[in-house]
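Some notes on the structure that comes next.
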Amino acid sequence: FAMAGLNVSIAFFFLVAGVCQGLRWLSKRLLSPGAYGCLARELAGSLQLCTSCLELRMLLEIGLWGGGFGPDVVLTLLFFLFALHGASFDGASANPTISLQEFLLLESNLTATAAKLLAQAAGMGTGWAVTKLYWSWELTHFHLIQNLIASECSSSIHTSLHHAAFVEGTCSFLFHLVLFKLCRSHPIYRVPALAATVTFLTYVGEQHLAFFF
């Protein structure tokens, strides 16, 4: 049952990636380059990233005791998913902090930055709604358990708020340092390096906080 549930999740990842890639392909042909870069590309990337992270977080929280597999399975999926995202995002950041960073570095004007932030928010909101709908179908026992515990409001951070903020801030800072270093590198090197960085920092954060960021 655990492997069957894991296969359903993997199929969901590929389905979402395929739909978002289709959205990028269609909007690239129908919209102007500016509208595509600021709106459609960021919306599709945020939708793809949000749904993937929600499903991965569910697997991490439930998989250990509900499926019998450990964090290594989720971290392996995380690496391959971020490699897929890096290869398919077509330059989108799908990350509000990166968009604000580009604005502060004068790499993007105020209008373009605001448009990106709105598109990212819309993509994340849509991703959350799509994932909740997908979970409501209870295609696996993981989703059944997720729906049963969804009403409980409990924090997965098993440490003080100050320690959690410090670890989260440190991991984010290190990620942005690596991103700065690799921003002009060829995608064949940048994509796996960023995927490995995200995977490593997620492992560190999970070890310190039992928290998937």
* Asked: Looking only at atom types and distance, does a side-chain atom of Ser46 sit under 3.5 Å from a main-chain N or O of Leu43, one as donor and one as acceptor?
  -> no
* To do: Evaluate whether atom CD1 of Ile188 has more than 12 neighbouring non-hydrogen atoms of other residues, nucleotides or ligands under 6.0 angstrom away.
  => no
* When you look at Ile10 and Leu77, which way does the side chain to side chain contact (heavy atoms under 4.5 Å, CB included) test go after all the steps? -> CA-CA 8 Å; Ile10 292 174; Leu77 283 173; 4.0 Å; yes
* How long is the gap from CG on Leu182 to CG on Leu194, to the nearest 0.5 Å? -> 5.5 Å
* **Euclidean distance, Trp25 CH2 relative to Leu30 CG, rounded to 0.5 Å** => 8.5 Å
* Examine Phe14 and Val8 and state if one hydrophobic cluster contains both, with Ile, Leu, Val, Met, Phe, Trp and Tyr joined whenever side-chain heavy atoms are less than 4.5 Å apart. => yes
* Asked: With distance as the sole test, does Arg190 use its side chain to make a donor-acceptor pair with the main-chain N or O of Ser185 at under 3.5 Å?
  -> yes
* To do: Check whether any side-chain heavy atom of Leu201 sits under 4.5 Å from a side-chain heavy atom of Leu174, and report yes or no.
  => yes
* Shortest non-hydrogen contact between Ser99 and Ser93, atoms and distance -> OG-OG, 3.5 Å
* Student check: side-chain heavy atoms of His176 and Ile98 closer than 4.5 Å -> yes
* Between atom SG of Cys171 and atom CZ of Phe200, what is the distance when rounded to the nearest 0.5 Å? -> 8.5 Å
* To do: Tell me whether Leu60 is reachable from Ile149 by hopping between hydrophobic residues (I, L, V, M, F, W, Y) whose side-chain heavy atoms are closer than 4.5 Å.
  => yes
* Do you reckon Leu139 sits in the same ILVMFWY cluster as Phe13, going by side-chain contacts under 4.5 Å, direct or chained? -> yes
* Can you see which heavy atom on Phe103 is nearest to which on Ser108, and at what distance? => CD1-O, 3.3 Å
* Value rounded to 0.5 Å, distance of CZ in Arg41 from OG in Ser27 -> 10.0 Å
* Asked: Just by distance, with hydrogens left out, do Thr97 and Asn95 show a side-chain donor and acceptor under 3.5 Å apart?
  -> yes
* List the steps and the verdict of side chain to side chain contact (heavy atoms under 4.5 Å, CB included) for Leu105 and Gln101. => CA-CA 6 Å; Leu105 292 173; Gln101 179 178 280; 4.1 Å; yes
* So, Glu55 versus His143: side-chain donor-acceptor pair below 3.5 Å or not? -> yes
* Do we see a donor-acceptor contact under 3.5 Å between the side chains of Gln48 and Arg24? -> yes
* Validation row: Lys28, Asp90 side chains within 4.5 angstrom (heavy atoms) -> yes
* Report the C-alpha separation of Phe12 and Thr51 in whole Å, then their side-chain angles, then the decisive distance to 0.1 Å, and conclude whether the side chain to side chain contact (heavy atoms under 4.5 Å, CB included) test is met. => CA-CA 9 Å; Phe12 175 69; Thr51 52; 4.2 Å; yes
* Heavy-atom closest pair, residues Met58 and Ser9 -> CE-OG, 4.4 Å
* Asked: Within the side chain of Glu42, is there an N or O that forms a donor-acceptor pair under 3.5 Å with the backbone of Lys116?
  -> no
* Asked: Can you hop from Val191 to Leu49 via hydrophobic side chains spaced under 4.5 Å?
  -> no
* Roughly how far, to the nearest 0.5 Å, is the CG atom of Leu59 from the CD atom of Glu61? -> 10.0 Å
* Quick check: are there more than 12 heavy atoms from other residues, nucleotides or ligands sitting under 6.0 Å from CZ of Arg184? -> no
* To do: Determine the interplanar angle of the Tyr189 and His186 rings, folded into 0 to 90°, and report it as parallel if under 30°, tilted if 30 to 60°, perpendicular if over 60°.
  => perpendicular
* Exercise: identify the closest heavy-atom pair between Thr199 and Leu75 -> CG2-O, 3.6 Å
* Asked: Can you name the residues that form a side-chain contact (heavy atoms from CB on, under 4.5 Å) with Ser136, not counting sequence neighbours?
  -> Leu133
* **With sequence neighbours excluded, residues passing side-chain contact (heavy atoms from CB on, under 4.5 Å) with Leu100** => Thr113, Leu117
* Identify the heavy atoms of Ala40 and Leu31 that sit nearest to each other, and give their distance. => CB-CD1, 3.8 Å
* Structure fact -> For Ala44 and Leu23 the tightest heavy-atom approach is CB-CD2, 3.8 Å
* Is there a chain of hydrophobic side chains (I, L, V, M, F, W, Y, each step under 4.5 Å between heavy atoms) that links Phe82 to Val204? -> yes
* Asked: Once you round to the nearest 0.5 Å, how far does CD of Gln21 lie from CG of Leu84?
  -> 8.5 Å
